[in-house]
Amino acid sequence: MKSKLKNLLLTAILISFMSCSTTIDKSKIVGSWYFVDYTNKPYSKTELETFEKEIKNSPEGWIKHFNYKFDKNNTYEYKIYNALTKKGTYSTNNKQDLIFLFDKIQSKNDTLKVEYLDDKFLQVKICSSETERIAIYYKTEYKFPKVEVSITK
């Protein structure tokens, strides 16, 4: 009986230690994140390193005009083709790896479940969405080339 109790206690301690060690450092969220792709499951670190090489070789082919910008003062903006579509405040829940977005433009709230976060990639699932897809964002200060418009008569 004592050995079973001891094993249960050790297992509980190990599980709680492992769950604490996987908590994501949300201070890494600060920055400008550009959308690059959707996936059905999070990419591994190795897959992301390969993906980053592809992005760096052809940024215009991968980086899309959709981006989140998270600031240190817990404000965020979401732009599509440089048009501000969402703006508000955000907060985080480190235990559940959630980012809560409080949009002041549309008076609506969204929740992002962080599947992976490091200094280059952010993989999130939108909890309010009906799909199970994970959006992959890449941290960069990439500047898109200006679009030239020609008028023909």
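FYI, the numbering just counts along the sequence from 1.
- With hydrogens and angles left out, the side-chain atoms of Tyr137 and Gln123 include no donor and acceptor closer than 3.5 Å.
- Between Tyr68 and Tyr78, the ring planes are tilted. Angles from 30° to 60° get that label.
- A donor-acceptor contact shorter than 3.5 Å is absent between the side chain of Glu49 and the backbone of Thr46.
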| task | Apply salt bridge (charged side-chain N to carboxylate O under 4.0 Å, His left out) to Asp37 and Lys64, showing your working. | result | CA-CA 9 Å; Asp37 205 3; Lys64 310 295 186 281; over 6 Å; no
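- Remark: side-chain polar atoms of Thr39 are not paired, donor with acceptor, to backbone N or O of Pro42 under 3.5 angstrom.
- Judged purely by atom type and a 3.5 angstrom limit, Asp103 has no side-chain atom pairing as donor or acceptor with the backbone of Gly88.
- Applying the ring-ring contact (aromatic ring centres under 6.0 Å, His included) test between Tyr43 and each of Tyr38, Phe51, Phe121 identifies Phe51 as the sole match.
- At distances below 3.5 Å, not a single donor-acceptor pair connects side-chain atoms of Ser58 with backbone N or O atoms of Glu54.
- Applying the 6.0 Å contact sphere to CG of Asn73 captures more than 12 heavy atoms from other residues, nucleotides or ligands.
- Remark: Lys113 NZ is packed, more than 12 non-hydrogen atoms of other residues, nucleotides or ligands lying under 6.0 Å away.
- A donor and an acceptor atom, one from each side chain of Asn74 and Thr89, are nowhere located under 3.5 Å apart.
- Val124 and Ile80 end up in the same hydrophobic cluster when Ile, Leu, Val, Met, Phe, Trp and Tyr side chains are linked at under 4.5 Å.
- The main-chain N or O of Val30 is found under 3.5 Å from a side-chain atom of Lys139 such that the two form a donor-acceptor pair.
- Two rings, from Trp62 and Tyr138, have their centers 6.0 Å or more apart.
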